[in-house]
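First the structure, in the form of structure tokens, and then the observations on it.
Proteins get letters first, then strands, A, B, ... in listed order; numbering begins at 1 in each.
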Number of protein chains: 2
Amino acid sequence: MKLENLNIIIADDHPLFRNALRQALSGSFAQTNWFEADSADALQTLLEQTDAPYDLVLLDLQMPGSHGYSTLIHLRTHFPELPVVVISAHEDAMTISRAVHYGSAGFIPKSSSMETLADALTAVLYGDIWLPANVELQQIDEDATDQMAAKLADLTPQQYKVLQMFAEGLLNKQIAYDLGVSEATIKAHATAIFRKLGVRNRTQAVIALQQLEMDRVEI
Amino acid sequence: MKLENLNIIIADDHPLFRNALRQALSGSFAQTNWFEADSADALQTLLEQTDAPYDLVLLDLQMPGSHGYSTLIHLRTHFPELPVVVISAHEDAMTISRAVHYGSAGFIPKSSSMETLADALTAVLYGDIWLPANVELQQIDEDATDQMAAKLADLTPQQYKVLQMFAEGLLNKQIAYDLGVSEATIKAHATAIFRKLGVRNRTQAVIALQQLEMDRVEI
DNA sequence: TCAACCATCAGACTTAAGTCTAATGGTTGA
DNA sequence: TCAACCATTAGACTTAAGTCTGATGGTTGA
């Protein structure tokens, strides 16, 4: 692959940071088309709408609507060809290890220099996995969080979207209106979601999703 | 107050850590009665059951069932005379500032030495506020989290307990059974909780509670 | 003593949620 | 082409959730 005419998505809720990132990288990646998303929802919309063959996603794990690793898991499941590089303010070994475990092609601390950033992206675009120096990857054992991650990956994109809206506290009627479908459809999705996640109702589903929050790390 | 014959509660979900803490402090605080709680629920039960005049609570903010600062807020509201010292693995200025903001009488990083620990407790027992050296307290502005904290403080102890059980995904019927009351009572509590929190249903209530998680910090 | 608050409960009720069945049409990969 | 999956929907249904009214008894502070 030649590193030009790239389509790169920056998914971060902070406009200033998105801008900074774009500025920092525009030197190294000329003629690149930059796309921006300020929420997990916007990111998903971007990926569904256009058929542009995106080359990379720069993903902040702490966006609104992004329940920790759930966005990463979802992306890797439904767009397996699309490399995802995680950008995060957290940079402990466990966070990085989980990100890699869930399919991230790289992990860039927000504290990185612009050169490091460009290096990392280049490496990933060439198919490598890029991690900060001196990180010792931890073994991610089959804990409850990991099991939930597997179940989450089992959801279809639409089901995932509905689950996210459950987690926003929306009623079936509101979700149906927002998605432009009937309430019966939402109920059908709900039943499917509950079955896949192994829960009985929406409150339990939301709790299960929240289990994937970044901070839910065992110490 | 003379520092003897004290009743101190250690609330931490890690048995090893509770033991270590107890061992470390038994030298400095002889003839002290130690009580232990491994969850927010156990802590609340302890405080309600016995009428023992507890002198101090050592509280880990990351216990099961403890939604971040919510336990602290609840303790300070309903047991204003009881000093609470927060113990945490997090030790950034924002976390500490929030803890103080919500009424903590001290903040002890888990990395502290035993001497530091004893010093801190002594200071707090004498009515001082103890913080790690070189911490600059941040201004906690009236954000959504803070508003939710105020609403949470408005709940009665029983309502708070029911809300916690909502957050565990329990059904009304199960909660009623566990608390030994009728389902009608739970429904009455539910309605009161929703009204106080300004939400419409239990899922939204759980989401609101989760807003107080420790990690929900703006960066 | 009395007002205020709290926890409790029942009963009747409305509404939201969730299940089940059955059906249609689109996409996709074998 | 065909099976498999997905999204969609309607309709009938069950159940859980939530509201409202009205009531009792206990506690507590003024």
Side-chain angles (χ1 to χ4, degrees), chain A residues 44-45 47-49 51 74 77-81 152-209, chain B residues 44-45 47-49 51 74 77-81 152-209:
Chain A
Q44 197 166 345
T45 305
L47 287 168
E48 281 170 0
Q49 273 184 352
D51 246 8
H74 181 255
T77 307
H78 296 284
F79 306 91
E81 302 300 323
L152 200 73
D154 214 36
L155 298 182
T156 68
Q158 195 74 344
Q159 285 166 1
Y160 179 67
K161 196 179 288 184
V162 170
L163 175 59
Q164 280 185 308
M165 295 172 95
F166 285 172
E168 289 168 24
L170 300 184
L171 307 182
N172 286 343
K173 197 182 295 191
Q174 297 175 297
I175 298 173
Y177 178 80
D178 286 357
L179 296 183
V181 298
S182 84
E183 201 177 335
T185 303
I186 304 304
K187 288 187 176 185
H189 283 313
T191 301
I193 291 169
F194 301 155
R195 212 164 264 158
K196 286 185 180 177
L197 296 188
V199 301
R200 294 183 55 178
N201 54 48
R202 70 172 56 209
T203 303
Q204 292 178 354
V206 169
I207 294 168
L209 180 61
Chain B
Q44 198 166 345
T45 306
L47 287 168
E48 282 171 359
Q49 274 184 352
D51 247 8
H74 180 255
T77 307
H78 297 284
F79 306 91
E81 301 300 323
L152 200 72
D154 215 35
L155 298 183
T156 69
Q158 194 75 343
Q159 287 166 1
Y160 179 66
K161 196 180 286 182
V162 170
L163 175 59
Q164 280 184 307
M165 296 173 93
F166 284 172
E168 289 168 24
L170 299 184
L171 307 183
N172 287 343
K173 197 182 295 193
Q174 297 175 297
I175 299 173
Y177 178 80
D178 286 357
L179 295 183
V181 299
S182 85
E183 202 177 334
T185 303
I186 304 304
K187 288 186 176 186
H189 283 313
T191 301
I193 291 168
F194 301 155
R195 212 164 264 158
K196 286 184 179 177
L197 296 188
V199 300
R200 294 184 53 176
N201 54 48
R202 71 171 56 208
T203 303
Q204 291 179 355
V206 169
I207 294 167
L209 180 62

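Across C:dA7, D:dT8, D:dG18, the shortest atom-to-atom separation from the side chain of B:H189 is found for C:dA7. The side chain of A:F194 has C:dG18 as its nearest neighbour among C:dG18, D:dT8, C:dA7. Checking C:dA17, D:dA17, C:dA7 against the side-chain heavy atoms of B:N172 singles out D:dA17 as nearest.
Nucleotide D:dT14 holds its P atom 14 Å from the NZ atom of A:K187, rounded to whole Å. Regarding A:Q204, its CD atom lies at a distance of 12 Å from the C1' atom of D:dA16, rounded to whole Å. Taking atom NZ on B:K161 and atom P on C:dC6, their separation rounds to 16 Å, with Å as the unit. Rounding to whole angstrom units, CZ of residue A:R202 and C1' of D:dT15 are separated by 15 Å. Between the C1' atom of C:dT28 and the NE2 atom of A:H78 lies a distance of 15 Å, rounded to the nearest Å. Distance OH (A:Y160) to C1' (D:dC6): 19 Å, rounded to an integer number of Å. Taking atom CZ of B:R195 as the reference point, atom P of D:dT19 lies 7 Å away to the nearest angstrom. Between A:L179 atom CG and D:dC6 atom P there is a gap of 18 Å when expressed in whole angstrom units.
Few gaps surround CZ on B:F79; more than 12 heavy atoms of other groups in view lie less than 6.0 Å from it.
The side chain of B:Q158 contributes an N or O atom lying less than 4.0 Å from OP1 or OP2 of C:dT8. When the side-chain nitrogen and oxygen atoms of A:S182 are compared with OP1 and OP2 of D:dT9, one or more of them lie within a distance under 4.0 Å.
Using a 4.0 Å heavy-atom cutoff across all strands shown, A:T191 reaches at least one base atom of the nucleic acid. Among the atoms of the strands shown, only primed sugar atoms or phosphate atoms (P, OP1, OP2) are found under 4.0 Å from some heavy atom of B:T156. Among the heavy atoms of the strands lying under 4.0 Å from B:A184 is at least one base atom, whether or not backbone atoms are also near.
A:N201 approaches A:Q204 most closely through the heavy-atom pair OD1-N, 3.0 Å.
The residue among B:E183 and B:R200 whose nearest nucleotide of DNA chain C lies closer to the 5′ end is B:E183. Mapping B:N201 and B:G180 onto DNA chain C by nearest heavy atom places B:G180 closer to the 5' end of the strand.
In this structure, D:dG29 forms a base pair with C:dC2, meeting either the Watson-Crick or the G-U wobble geometry with both donor-acceptor distances under 3.5 Å.
The closest side-chain heavy-atom distance from B:T77 to B:L155 is not below 4.5 Å. You'll find the side chain of A:K196 reaches within 4.5 Å of the side chain of A:T156, heavy atoms only.
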Exercise. Output, in order, the C-alpha distance, side-chain angles, deciding distance and verdict of side chain to side chain donor-acceptor pair (under 3.5 Å) for A:K161 and A:Q44.
Key: CA-CA 9 Å; A:K161 196 179 288 184; A:Q44 197 166 345; 5.5 Å; no
